[in-house]
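Following: one structure in structure tokens, then a few remarks.
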Amino acid sequence: MHFELALSSVLVLLVACNGDNPVSSASDGTGVTTVTATESTTSTTQGPSPTTSGVVTDTVTSTGGADTIPPVCPEGAIVCEGDTKKVCDGMGGFSEETPCDDVCVEGLGCALCNPGEGVCNGDVAHVCNDAGDGYVDTYCDEVQGVTCDPDSGHCVGACAPANLGTSYIGCDYYPTVTTNRVESKYHFAVVVSNTTDQSAHVTITRGAMTVTEDDVPSQSVKVITLPWILELKEDWASKIVVDGAYRVRSTQPITLYQYSPIEYVIGDDYSQTNDASLLVPVNAWSADYWVAIRNTHAGWNPGGYAVVASQDGTTVTVSPSATGKVVNPGGGVAADGTGVVTLDEGDVLQVLSGNGGGEPGMPDIADLTGTHVTADKPIQVIATHYCTYIPFNVEACDHLEESMLPYESLAREYLVTTPFVKPENQEPFIKPRMVRVIATEAGTTISYEPPQDGAPTTLANPGDYFELAATDKDFMITASAKVVVSEYMQGQQAGGMTGDPAMTIAVPLKQYRTDYLFHAPVNYESSFVNVTAPVSASITLDGMPLPAPTPIGATGYGVIRAQLSNAGDGTHALTGDQKFGIQVYGYGQYTSYWYPGGADLKFIPNIPE
């Protein structure tokens with residue numbers, strides 16, 4: 001309501017239109033008039049004024065002319081008087097009063113419960129959700145050192161959900177064996193990296209069975225070998241394997257990697273097929289993924305993906321891309337790559353490509369890249385390949401695998417840098433690799449900095465992809481919508497006379513961090529880290545400063561390639577004064593590995609900047 005103030009020394013009493021809220025003004029004889037408005041209420045009974053956050057007492061001072069008193073309570077604001085909801089009318093009164101059956105919450109109104117309030121039901125925290133219309137039950141897992149606090153009704157401990165962000169660091173992981181031609185005398189392994197200042201107790205289970213327990217000291221790394229799951233490693237049919245995944249839980253936040261296998265040589269025998277993957281913890285899982293992998297090789301070596309559930313009754317839907325409609329059927333997935341299946345906690349659905357044929361002298365047309373995997377509960381998706389050439393006609397064959405980033409963590413900008421390769425007794429040099437870009441939306445456009453001659457610039461449909469078959473350039477990829485970017489090492493015969501195909505996923509610039517603790521196996525001939533950072537950044541590796549980044553076009557970023565020492569246990573630390581990204585890779589005879597050394601996994605809106 002508007003009140004016009006006359007500049008006089010006469011006390012004027014104004015009454016608000018609701019008749020209940022006197023407003024007074026007075027002059028001190030100097031021409032300055034002070035106006036005071038008191039609290040308002042539309043209660044029909046007399047009594048004390050309600051205490052609410054939406055009702056205020058205003059004092060307005062005028063030095064002449066006319067002033068307007070702001071509304072005592074903004075129109076539409078919801079306030080509470082006891083268990084009664086009131087809606088402010090903007091004129092000092094209320095347009096609505098509603099008695100609540102349960103509770104009234106400031107700003108929300110009538111609700112079932114007060115958001116954030118909780119109670120312990122044994123080891124379950126029963127907490128009111130943010131909307132105040134229901135409860136969320138969270139199991140406080142003692143295996144992760146988490147208990148329910150009776151005072152707050154919330155899970156507490158270093159691994160409590162409220163204490164874990166969305167990054168590659170967590171307390172609950174599901175390592176998963178995937179299809180691989182390697183002999184079983186080599187070992188599937190997980191590598192636990194403890195980034196905290198406390199020792200971490202790690203428990204590994206499979207279904208109801210405890211496989212092993214171990215302690216990982218602060219700021220250290222431990223390698224734990226695990227039995228192969230042969231139903232996943234050696235069978236080419238798509239299938240569900242009940243309790244097919246391992247579960248790794250820790251009492252402190254950790255980083256977890258899996259190696260398939262961890263060794264590349266035993267005695268005089270070479271494994272000839274290795275890769276590694278950075279695993280995504282359960283606290284950063286999503287229900288939406290896009291797959292990046294490779295074509296069926298030589299008509300019978302399949303590529304595919306493995307889906308893992310952390311909750312019983314998880315419904316998974318797989319929708320193939322244009323190239324993903326040739327599948328070895330099974331597990332509820334049809335030969336055309338479509339399927340809806342149900343997984344329980346720890347179950348694995350592994351989907352593998354079939355023989356699609358195609359033109360002679362060209363790659364098989366069957367390629368599950370671009371397949372869209374969704375679910376009604378969070379899941380993990382790991383891309384895999386039994387064994388493939390890269391390029392398709394250059395020896396030799398090697399296993400591929402990598403965890404897919406959740407759709408929510410994808411972005412529009414990526415930096416990709418080509419790896420070093422180091423032949424025995426030679427200095428390292430740059431070797432070309434393959435780059436793939438996969439669309440998540442129709443009509444996606446792509447640009448490059450610096451420009452890449454002849455590189456594709458459009459993707460017509462969700463799930464479509466293109467590849468740069470062999471490039472030794474470092475560049476930024478910018479897309480009009482979220483994309484997946486994957487990179488692949490070429491085979492040993494493509495140059496360097498060491499290593500074979502390996503796969504990594506590019507990390508969006510927006511998921512970069514200022515510190516990483518990571519692992520590089522000391523039994524490989526050589527290992528490296530590629531650091532992509534602002535050109536002005538100062539980066540240290542294991543406490544030693546790295547050289548300044550070499551600029552990448554006009555991006556403002558640069559790259560540092562550093563060889564990693566094989567001394568010690570393979571633990572390495574990178575820190576910087578600005579956020580940066582890392583890719584870790586290494587070589588042995590006839591094999592290699594490659595993975596992103598870490599990333600934040602926060603939600604990134606899919607909007608142009």
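Since the structure is predicted, the reported quantities are computational estimates derived from the model, not experimental observations.
- A donor atom on one side chain and an acceptor atom on the other are found under 3.5 Å apart for Glu441 and Asn606.
- Here Tyr557 pairs with nothing under the ring-ring contact (aromatic ring centres under 6.0 Å, His included) rule; sequence neighbours left out.
- Taking both residues in full, the closest heavy atoms of Met503 and Ser486 are given as CE-CB, 4.4 Å, listed atom of the first, atom of the second, then distance.
- For Glu231 (side chain) and Val241 (main-chain N/O), no donor-acceptor pair under 3.5 Å exists by modelled atom type.
- The existence of a salt bridge linking Asp243 and Arg206 is excluded, since no basic side-chain nitrogen approaches an acidic carboxylate oxygen closer than 4.0 Å.
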Residue pair Asp149, His154: steps toward the side-chain hydrogen bond (donor to acceptor under 3.5 Å, both in side chains) verdict: CA-CA 6 Å; Asp149 176 25; His154 286 250; over 6 Å; no
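- Between Thr251 and His201, the shortest heavy-atom contact is OG1-N, 2.9 Å.
- Contact annotation: the side chain of Trp290 approaches that of Asp288 to within less than 4.5 Å [non-hydrogen atoms, C-beta and beyond].
- For Thr532 and Tyr512, the side-chain atoms include at least one donor-acceptor pair closer than 3.5 Å.
- A donor atom on one side chain and an acceptor atom on the other are found under 3.5 Å apart for Asp569 and Thr571.
- Glu96 and Thr98 share a donor-acceptor pair across their side chains, judged by distance under 3.5 Å alone.
- Residues Gln380 and Val280 share a closest heavy-atom pair of OE1-O, 3.8 Å.
- Taking the six-membered ring where the residue is Trp, His126 and Tyr135 present parallel rings, their angle staying beneath 30° rather than reaching 60°.
- The aromatic rings of Tyr246 and Phe188 lie parallel to each other, with less than 30° between the two planes, well short of the 60° mark.
- Between the Glu402 side chain and the Leu278 main chain, a donor and an acceptor come within less than 3.5 Å of each other.
- Checking side-chain atoms of Asp235 against main-chain N and O of Leu230 turns up no donor-acceptor pair under 3.5 Å.
- With sequence neighbours left out, Ser403 forms a side chain to side chain donor-acceptor pair (under 3.5 Å) with Ser277.
- Using cut-offs of 30° and 60° for the angle between ring planes, the Tyr174 and Trp285 rings count as tilted.
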